[in-house]
Visitor: 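I am attaching a structure below and will ask some questions about it afterwards.
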Amino acid sequence: MLDVRFVRENADVVKMALKNRRSNIDLSRFLELDKERRRLLVEVEGLKSTRNIISEEIGKLKREKRDAEEKVFSMRKLSKKIKDMDIKVNEIESKLSNFMLEIPNIPHSSVPVGVDENDNKTIRSWGESPEFGFEPQAHWDIGVNLDILDFKRGVKIAESRFTLLKGFGAKLERALINFMLDLHTDEHSYTEIFPPVLVNSKSMMSTGQLPKFGAELYKCADDDLYLIPTAEVPVTNIYRGEILKEKDLPLKYTAYTPCFRREAGAAGKDTRGIIRQHQFNKVEMVKFTKPEESYDELEKLTNNAEEVLQKLGLHYRVIELCTGDLGFSAAKTYDLEVWMPSYEGYKEISSCSNFEDFQARRASIRYRMKSKKVRFVHTLNGSGLAIGRTLAAILENYQQEDGSVIVPEVLRSYMGGVEKIE
RNA sequence: GGAGGGGUGGCUGAGCGGUUGAAAGCGGCGGUCUUGAAAACCGUUAGUGGGGUAACUCACUCGGGGGUUCGAAUCCCUUCCCCUCCGCCA
């Protein structure tokens, strides 16, 4: 959520940002409502002020056992008027807040202006794509042949886009989770969290999934609970409604969770393999920082995610998303894209974003400065990494001509010393 | 699920329907003392939204919503959450 005052005073900036994002939100309607609200506020608050003064006088008269009937009578009318005006103000305020909840974040000034993913900028790349002396297979073929991925039974148990991992497939998944968590906690000093994977609507509202993207979420029919689409939701909400201490910032958390997405509107995309699933595992990193430090922390966060790929020896590139491709809540985002032989191209495996105070304002996460003023923190998060896609990348990039797959060295201690899946 | 108790400021915790936006303590901040630190003592310390160039000022906020009243943290209704006991249970 943006700062209402900022929107009011910088309408042209916000309009430009909305245009760059290709959003069709009409700000003028908002500005009208905002003006009307303030006009009414001035009026009704004046009435409330006289009500308070006269009530005080009535109290005094009653204590002195004097007659106050006349004043009480005139106050009855005043109170009624205040009540009516309050209703009007509330109506306008709820319209305004609905409006604010649907306005996306303003892209950071460094973000390239563009229409879609074709306008994203490649920042850097690491490693090289492997040379195969044979025709490489896609991970779904490798996985089925090794009997570690079972697509048919995943569908039988649930529905399409659910996959069963088996034997060394399951073990590799678990190894990746543990490897990444250990890296981020032991070497990057993040604190490990294991959060609830069902959260209430307030939490979803705070990070920006609701109200706009409810169709992406799995909702429990009888409760105000949703399956999380990412650990970002519960972990960012750890401090919802709290005031943090300046000396505790930045706070850095990492969490493994399963993630659940309906993938509404993704019909026909990535239908084969485990790239786009309704349920997938992910290790996430979340930071709460001071505003002046958040962009440094974004670089570090991105580097922390990159290090996972480097240690796994997977070729990747870093992309800076353009304004048109930026997520709703993000001010700036780097995507990490790993090399996938089956795509003969790169596939997103991590997304690292700075939300500035957009989520913090929705969630009311603040910190008290030394000067005693309270300010919103900045929140950041990034995948470190998506486990399923990492597993797919390993199968494809480490495949051998005989259909076996070499286990990257850093994972072997997590795999009981196994060097090769065959 | 059944019975009872409770939700107040950064935290703990008072609060006869009328200077209670809120005592007290802790914590925080500033100061005195000290070579320095601690202790002690003194002072200070809620948030949000309006108006005003500003000094400043007004309104709202005691889990959420509604009601009674001239006036509600205090009374009533409703809802959510937490705790205790019982039941059930990984």
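All values below come from the heavy atoms of this structure, side chains included, with hydrogens, waters and symmetry mates left out. All chains are named by letter (A, B, ...) in the order of the sequence lines, taking the proteins before the strands, and each is independently numbered beginning at 1.
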Visitor: With heavy atoms under 4.0 Å as the rule, sort Arg39(A) into base, sugar-phosphate or nothing.
Guide: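 The residue Arg39(A) makes no contact with any strand.
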Visitor: Among all residues two or more places apart in sequence or in another chain, which pass the side chain to side chain contact (heavy atoms under 4.5 Å, CB included) test with Lys80(A)?
Guide: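 Partners of Lys80(A) under the side chain to side chain contact (heavy atoms under 4.5 Å, CB included) test: Asp84(A).
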Visitor: Hunt down the Watson-Crick or G-U wobble partner of rA90(B), both distances under 3.5 Å, from any strand shown, or write none.
Guide: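 None - no nucleotide pairs with rA90(B), as no candidate has both distances under 3.5 Å.
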Visitor: OP1 or OP2 of rG71(B) versus the side-chain N and O atoms of Ser79(A): is any pair under 4.0 Å?
Guide: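 Yes, within the criterion.
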Visitor: Round to a whole Å and report the spacing from NZ of Lys80(A) to P of rG71(B).
Guide: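 About 13 Å, once rounded to whole Å.
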Visitor: What pair of heavy atoms forms the shortest contact from Lys15(A) to Leu27(A), and how long is it?
Guide: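 That closest heavy-atom pairing would be CG-CD1, 3.8 Å.
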Visitor: Scan Lys62(A) against the nucleic acid and name what it touches under 4.0 Å (heavy atoms): base, sugar-phosphate only, or nothing.
Guide: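 Since a base atom lies under 4.0 Å of Lys62(A), the category is base.
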Visitor: In chain order, what residues pass the side chain to side chain donor-acceptor pair (under 3.5 Å) check against Ser55(A), with sequence neighbours excluded?
Guide: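 Checked Ser55(A) against side chain to side chain donor-acceptor pair (under 3.5 Å); zero matches.
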Visitor: May I have the list of side-chain donor-acceptor pairs in residues 85-93 of chain A shorter than 3.5 Å, sequence neighbours left out?
Guide:
{"unit_1": "Asp86(A)", "atom_1": "OD1", "unit_2": "Lys48(A)", "atom_2": "NZ", "d": "3.2"}
{"unit_1": "Asp86(A)", "atom_1": "OD2", "unit_2": "Lys48(A)", "atom_2": "NZ", "d": "3.4"}
{"unit_1": "Asn90(A)", "atom_1": "ND2", "unit_2": "Asp86(A)", "atom_2": "O", "d": "3.4"}
{"unit_1": "Glu93(A)", "atom_1": "OE2", "unit_2": "Arg37(A)", "atom_2": "NE", "d": "2.7"}
{"unit_1": "Glu93(A)", "atom_1": "OE2", "unit_2": "Arg37(A)", "atom_2": "NH2", "d": "3.3"}

Visitor: With a 3.5 angstrom cut-off on both distances, give the Watson-Crick or G-U wobble partner of rC75(B), or none if there isn't one.
Guide: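 Across any shown strand, rC75(B) pairs with rG67(B).
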Visitor: For nucleotides 59-68 of chain B, give me every protein contact, N/O to N/O, under 3.5 Å, one pair per line with atom names.
Guide:
{"unit_1": "rA59(B)", "atom_1": "OP1", "unit_2": "Asn52(A)", "atom_2": "ND2", "d": "3.0"}
{"unit_1": "rC60(B)", "atom_1": "OP1", "unit_2": "Arg51(A)", "atom_2": "NH2", "d": "3.3"}
{"unit_1": "rC60(B)", "atom_1": "OP2", "unit_2": "Asn52(A)", "atom_2": "ND2", "d": "3.4"}
{"unit_1": "rU68(B)", "atom_1": "OP2", "unit_2": "Lys83(A)", "atom_2": "NZ", "d": "3.2"}

Visitor: What is the pairing partner of rA59(B), taking Watson-Crick or G-U wobble pairs with both distances under 3.5 Å in any strand?
Guide: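 rA59(B) is paired, partner rU48(B).
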Visitor: Expressed in whole Å, how much space separates the C1' atoms belonging to rA59(B) and rG52(B)?
Guide: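 My reading of the C1' atoms in rA59(B) and rG52(B) gives 15 Å.
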Visitor: What is the distance from CD of Glu70(A) to C1' of rC70(B), rounded to the nearest Å?
Guide: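 Taking CD of Glu70(A) and C1' of rC70(B), I get 13 Å after rounding.
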Visitor: Is the shortest distance from a Lys or Arg side-chain nitrogen in Glu57(A) or Lys71(A) to a carboxylate oxygen in the other one below 4.0 Å?
Guide: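 Looking at Glu57(A) and Lys71(A), the cut-off is met.
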Visitor: Can Glu409(A) and Lys311(A) be counted as an ion pair, charged N to O under 4.0 angstrom?
Guide: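 Lys311(A) and Glu409(A): not salt-bridged.
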Visitor: Could you list the protein-to-nucleotides 44-47 of chain B atom pairs, N/O on both sides, closer than 3.5 Å?
Guide:
{"unit_1": "rG47(B)", "atom_1": "O3'", "unit_2": "Arg366(A)", "atom_2": "NH1", "d": "3.1"}

Visitor: What integer number of Å spans the P atoms of rC26(B) and rU35(B)?
Guide: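 My reading of the P atoms in rC26(B) and rU35(B) gives 27 Å.
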Visitor: Whole angstrom is fine here: how far is it from CD1 in Ile92(A) over to P in rG50(B)?
Guide: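 The answer, rounded to whole Å, is 13 Å.
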Visitor: Phe288(A): which residues meet the ring-ring contact (aromatic ring centres under 6.0 Å, His included) condition with it, sequence neighbours left out?
Guide: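 For Phe288(A) the ring-ring contact (aromatic ring centres under 6.0 Å, His included) partners, ignoring immediate neighbours, are Tyr239(A).
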Visitor: Rounded to whole Å, how long is the line connecting atom CZ of Arg240(A) with atom P of rC81(B)?
Guide: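 Going from Arg240(A) (CZ) to rC81(B) (P), I get 13 Å.
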Visitor: Without decimals, in angstroms, what is the distance between Leu41(A) CG and rU48(B) P?
Guide: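 Distance, rounded to whole Å: 16 Å.
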Visitor: With rounding to the closest Å, how many angstrom separate the C1' atoms on rA39(B) and rG31(B)?
Guide: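 Those two atoms are separated by 16 Å.
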Visitor: Closest-nucleotide mapping onto RNA chain B: is Gly59(A) or Asp3(A) further toward the 5' terminus? I mean the 5' end.
Guide: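 The residue whose closest nucleotide sits nearer the 5' end is Gly59(A).
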Visitor: Between rG67(B) and rG71(B), how many Å separate the two C1' atoms, rounded to a whole number?
Guide: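 Per the computed distance, 15 Å lies between those C1' atoms.
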Visitor: For the P atoms, the ones on rA37(B) and on rG25(B), what distance do you get once it is rounded to whole angstrom?
Guide: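 Roughly 26 Å separates the two P atoms.
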Visitor: For Lys171(A), give me all partners under side chain to side chain contact (heavy atoms under 4.5 Å, CB included), at least two apart in sequence or on another chain.
Guide: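 Expected list: Phe168(A), Arg174(A), Met415(A).
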Visitor: Tell me if the centroids of the rings in Tyr218(A) and Tyr226(A) come within less than 6.0 Å of each other.
Guide: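 No; Tyr226(A) has its ring centre 6.0 Å or more from that of Tyr218(A).
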Visitor: Please state the C1' separation for the pair rG43(B) and rU53(B) - nearest whole angstrom.
Guide: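 Comparing C1' positions in rG43(B) and rU53(B) gives a spacing of 32 Å.
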Visitor: Which nucleotide, in any strand shown, forms a Watson-Crick or G-U wobble pair with rU19(B), with both distances under 3.5 Å?
Guide: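 Across any shown strand, rU19(B) pairs with none.
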Visitor: Please give the distance between the C1' atoms of rU69(B) and rU74(B) as a whole number of Å.
Guide: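 Looking at atom C1' only, rU69(B) and rU74(B) are 13 Å apart.
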Visitor: Residues in ring-ring contact (aromatic ring centres under 6.0 Å, His included) with Phe280(A), at least two apart?
Guide: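 Phe280(A) satisfies ring-ring contact (aromatic ring centres under 6.0 Å, His included) with no residue once adjacent residues are dropped.
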Visitor: For residues 189-196 of chain A, run the donor-acceptor check on the side chains, cut-off 3.5 Å, and write out each pair with its distance to 0.1 Å, sequence neighbours left out.
Guide:
{"unit_1": "Ser189(A)", "atom_1": "OG", "unit_2": "Lys252(A)", "atom_2": "NZ", "d": "3.4"}
{"unit_1": "Tyr190(A)", "atom_1": "OH", "unit_2": "Asn304(A)", "atom_2": "OD1", "d": "2.7"}

Visitor: Between rA46(B) and rU8(B), how far is it from one C1' atom to the other, in whole Å?
Guide: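 Rounded to whole Å, the distance is 12 Å.
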Visitor: With sequence neighbours left out, which residue pairs that include part of residues 61-114 of chain A fulfil the ring-ring contact (aromatic ring centres under 6.0 Å, His included) condition?
Guide: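 Listed once each, the pairs are Phe30(A)-Phe99(A), His108(A)-Tyr295(A).
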Visitor: Do His188(A) and Glu307(A) have side-chain atoms, one donor and one acceptor, less than 3.5 Å apart?
Guide: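 The answer is yes; a qualifying pair exists.
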Visitor: Considering just the side-chain nitrogens and oxygens of Arg76(A), establish if one lies under 4.0 Å of OP1 or OP2 belonging to rU69(B).
Guide: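 So the side-chain polar atoms of Arg76(A) never come under 4.0 Å of the phosphate oxygens OP1 or OP2 of rU69(B).
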Visitor: Could you give the CD1-to-P distance, from Ile58(A) to rC70(B), as a whole number of Å?
Guide: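 Answer to the nearest Å: 8 Å.
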Visitor: May I have all residue pairs that pass ring-ring contact (aromatic ring centres under 6.0 Å, His included) and include part of residues 142-167 of chain A, sequence neighbours excluded?
Guide: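 The answer is Phe162(A)-His278(A).
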Visitor: Starting at NZ of Lys245(A) and ending at P of rG28(B), how long is that distance when rounded to a whole Å?
Guide: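 After rounding, the gap between these two atoms is 8 Å.
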Visitor: Using whole Å, report how far CD of Glu56(A) lies from C1' of rU20(B).
Guide: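 Whole-Å distance recorded here is 12 Å.
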Visitor: Can you name the atoms? Protein N/O to nucleotides 51-54 of chain B N/O, anything below 3.5 Å, with the distance.
Guide:
{"unit_1": "rG51(B)", "atom_1": "OP1", "unit_2": "Arg38(A)", "atom_2": "NH1", "d": "3.3"}

